[in-house]
Structures are given as structure tokens and as C-alpha cells.
Q: 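A single structure is presented below for examination.
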Amino acid sequence: MSRTLFRTRIKFCGMTRAGDVRLASELGADAVGFVFAEGSPRYVHPEEARAMRQALAPLVDSVAVFRDNPAAQVREVVKQVRPSLLQFHGDEDDAFCRGFGVPYLKAVPMGDTAIDNAIALQVRYPAAAAFLFDSHGGGAEGGSGTTFDWSRIPDGMNKPVMVAGGLSPENVFDAVVATLPWGVDVATGVESAPGVKDGERMRRFVAEVRRADCHVEPDLEADRQPGTGATRRTDHSR
Ligand SMILES: O=C(O)c1ccccc1NCC(=O)[C@H](O)[C@H](O)COP(=O)(O)O
């Protein structure tokens, strides 16, 4: 799927405070993530996520993030939090991921050397609403704050592509211009401590994504392949 014209979606992940959820909405985030992966420093209980969800503005998605959680835990979160999207960051298969009646994002571990090509990935997860390419894998966890080589994202994806892993206000412009993703996702890069968001960094992150969107524009005549974006760079000075 080609990127939307001029607007890269933004997900702030690992929310633990209602004030951060409200601020994310006001800054223009398209989604916030609540992490239920065991052992994460951003882990929240379903009741906490349900309370924080009240601070969410309309038209902002809530994403429940899991990593190989048992199905009963996923069902409990779906029941209590009513997330608009699920995100699976472990070795879950397509049948498991689509078994909860909620659209899902599948995280792709770019820390693993053997990454499927676009066709193989989409054959393995035919029900995925989007793929989130992240730096986990190869021993690294999600929420690591480390980047991966964005040029390794496979060409030919026909589902939305999201980029994550070590993004920050300092590098997200380059990440957007380099990959023209459907969306970007960040946790560490906008925090003062794990799970504690920094409002100024969140604001700068949004501003840098918007600056990148103004920097490139789709070539409306080209038959673009998703994720590549045959685009013309305007001569905006960076
Ligand atoms: O954020 C976590 O603590 C986490 C733990 C285990 C699995 C997934 C986790 N986060 C998922 C996300 O979508 C993060 O936003 C993504 O991994 C990027 O994190 P960061 O590199 O810190 O920006």
C-alpha cells in the first residue's frame, strides 16, 4: 500500500501515564501503545490501560502490545481495554494473532539476520493490517532504543509499513525520508525514563515528521511500489 499523501502516521508507545496519553492526542499522534509484554519496564496492567484510554481523544487509536502472551491474557486485555489494534512482537503466528477479532500489527524483528522477503512475510501473516519493522530480534527486545539499517526493509510490501526502533526527534526526519513509511513508532526516543514521556521531545518528534512530509512529495504519475515511493524531493532546505 502506498504511503498516504503528505502525512506519515505517528504512534507513541509504552504509555504509563494518562497525562502523556492526553498530550500525545493533543500533539497529533495517530495512536498510542500500551505494553503488556512481561518484563517490559513499560508494562501496564489492563485496568491501568483502561483508565488511560479515557484520556484518549477521538480519532486516536489505542494499540495493545504483546510478546508471546498467553491467549487468555490477550482476551482479558481486549475485554477490558477495547483496543482498536493489537500488536504482536513475538513468535505468534497468523492464526493466533487474528483470533481475537481485532485488527493486528505484526512486528518484524530486524535484529534477526534471516528476514523474510516481502512475499514470504505477507504469506506468513495474510491477516496482518500492517507490518512494524523494529530493531528487536537476535537477542534484543522491543522498546530497545536502538536503530536498524532501514535499507533492509524489504521492497514490494503491499501492506502498510511502519518503522520503529531507536527513533527520536534527532533521526526521524531521515527515517521518514529514507523509507517513506505509512507510519513511525517510538518509545525510548521521546522519554526521560522508561515509560515516562518527555513532552518537549514528543512535540519535536511530531514537528520533525511533519517537516519530513513537507520535504518529499509523491510523484502522482508514478506507479509507486509500497514502501519505496517514487517521489520527487522538493527543494526545501533541510
Ligand atoms: O516498549 C517496550 O518496552 C516493549 C517491550 C517488549 C515488546 C515490545 C515493546 N515495545 C513495542 C514498541 O512498539 C516500541 O515502540 C518499539 O519497539 C520501539 O521502541 P524504541 O526503540 O524504544 O523506540
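No experiment lies behind these values; they were computed from the predicted model shown. Both ligands and their constituent atoms are indexed starting at 1 by order of listing.
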Q: Note the single closest protein heavy atom to atom 10 (N) of ligand 1, along with its residue, its atom name and the distance in Å.
A: G143 N, 3.7 Å
Q: Does ligand 1 have a heavy atom under 4.0 Å from the side chain of E141, from its backbone, from both, or from neither?
A: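 Under 4.0 Å from ligand 1, E141 contributes no heavy atoms.
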Q: Taking the side chain as C-beta and beyond, is there a heavy-atom pair between P109 and H136 under 4.5 Å?
A: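 In short, these two side chains touch, coming nearer than 4.5 Å.
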Q: Students should be able to answer this: which protein heavy-atom is nearest to atom 22 (O) of ligand 1, and at what distance?
A: T188 OG1, 2.5 Å
Q: Taking N or O atoms only and a 3.5 Å limit, does G166 qualify as a polar contact for ligand 1?
A: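 Yes, there is a polar N/O contact under 3.5 Å.
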Q: For a quick test of reading the model, state the closest non-hydrogen atom pair linking A49 to V44 and the distance between them.
A: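 Taking every non-hydrogen atom into account, CB-CG2, 4.2 Å.
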Q: With heavy atoms of K11 as the reference, note each atom of ligand 1 found under 4.0 Å away.
A: 13 (O)
Q: Should we say atom CG of D91 is surrounded by more than 12 heavy atoms from elsewhere, each under 6.0 Å from it?
A: no
Q: If you have a sec, work out which protein heavy atom is nearest atom 2 (C) of ligand 1 and how many Å separate them, to one decimal?
A: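 The protein heavy atom lying closest is R42 NH1, 3.3 Å.
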Q: Determine whether L121 and M157 satisfy the following criterion, side chain to side chain contact (heavy atoms under 4.5 Å, CB included), listing intermediate values before the conclusion.
A: CA-CA 9 Å; L121 201 53; M157 296 294 293; 4.1 Å; yes
Q: As a test of understanding, state which of F131, Y125, F96 forms a ring-ring contact (aromatic ring centres under 6.0 Å, His included) with F88.
A: F96
Q: Identify the closest protein heavy atom to atom 14 (C) of ligand 1: which residue and atom is it, and at what distance?
A: D185 OD2, 3.3 Å
Q: In terms of atom number and element, which parts of ligand 1 are under 4.0 angstrom from non-hydrogen atoms of S144?
A: 21 (O), 22 (O)
Q: Nearest protein heavy-atom contact for atom 11 (C) of ligand 1: which residue, which atom, what distance?
A: H89 CE1, 3.6 Å
Q: Quick one: do the S192 and D198 side chains pair a donor with an acceptor below 3.5 Å?
A: no
Q: With a 4.0 Å heavy-atom cut-off (strictly under), which part of Q87 contacts ligand 1: side chain, backbone, both or neither?
A: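 Under 4.0 Å from ligand 1, Q87 contributes side-chain atoms alone.
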Q: Just to be sure I read this right, does ligand 1 sit under 4.0 Å from the backbone of D134, its side chain, both, or neither, counting only heavy atoms?
A: side chain
Q: Checking side-chain polar atoms at under 3.5 Å, does R50 have a donor or acceptor matched by the opposite partner on S62?
A: no
Q: If you have a sec, work out which protein heavy atom is nearest atom 6 (C) of ligand 1 and how many Å separate them, to one decimal?
A: R67 NH1, 3.4 Å
Q: Which option, G33, G142, G14, owns the non-hydrogen atom nearest atom 4 (C) of ligand 1?
A: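 When every heavy atom of G33, G142, G14 is considered, G142 comes closest to atom 4 (C) of ligand 1.
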Q: Does a salt bridge link R203 with E200, judged by any charged N lying under 4.0 Å from a carboxylate O?
A: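 Result for this pair is yes, salt bridge flagged.
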Q: Of the side chain and backbone of A187, name the one, both, or neither that has a heavy atom under 4.0 Å from an atom of ligand 1.
A: both
Q: Which ligand 1 atoms are under 4.0 Å away from a heavy-atom of G145?
A: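 What qualifies from ligand 1 is 20 (P), 21 (O), 22 (O).
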Q: For atom 3 (O) of ligand 1, what's the nearest protein heavy atom and its distance?
A: S40 OG, 2.7 Å
Q: To the nearest 0.5 Å, tell me how far L167 CG sits from F173 CZ.
A: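 Atom-to-atom, L167:CG and F173:CZ are 14.0 Å apart.
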Q: Please determine if R201 and E208 form a salt bridge, counting it only when a charged side-chain N lies under 4.0 Å from a carboxylate O.
A: no
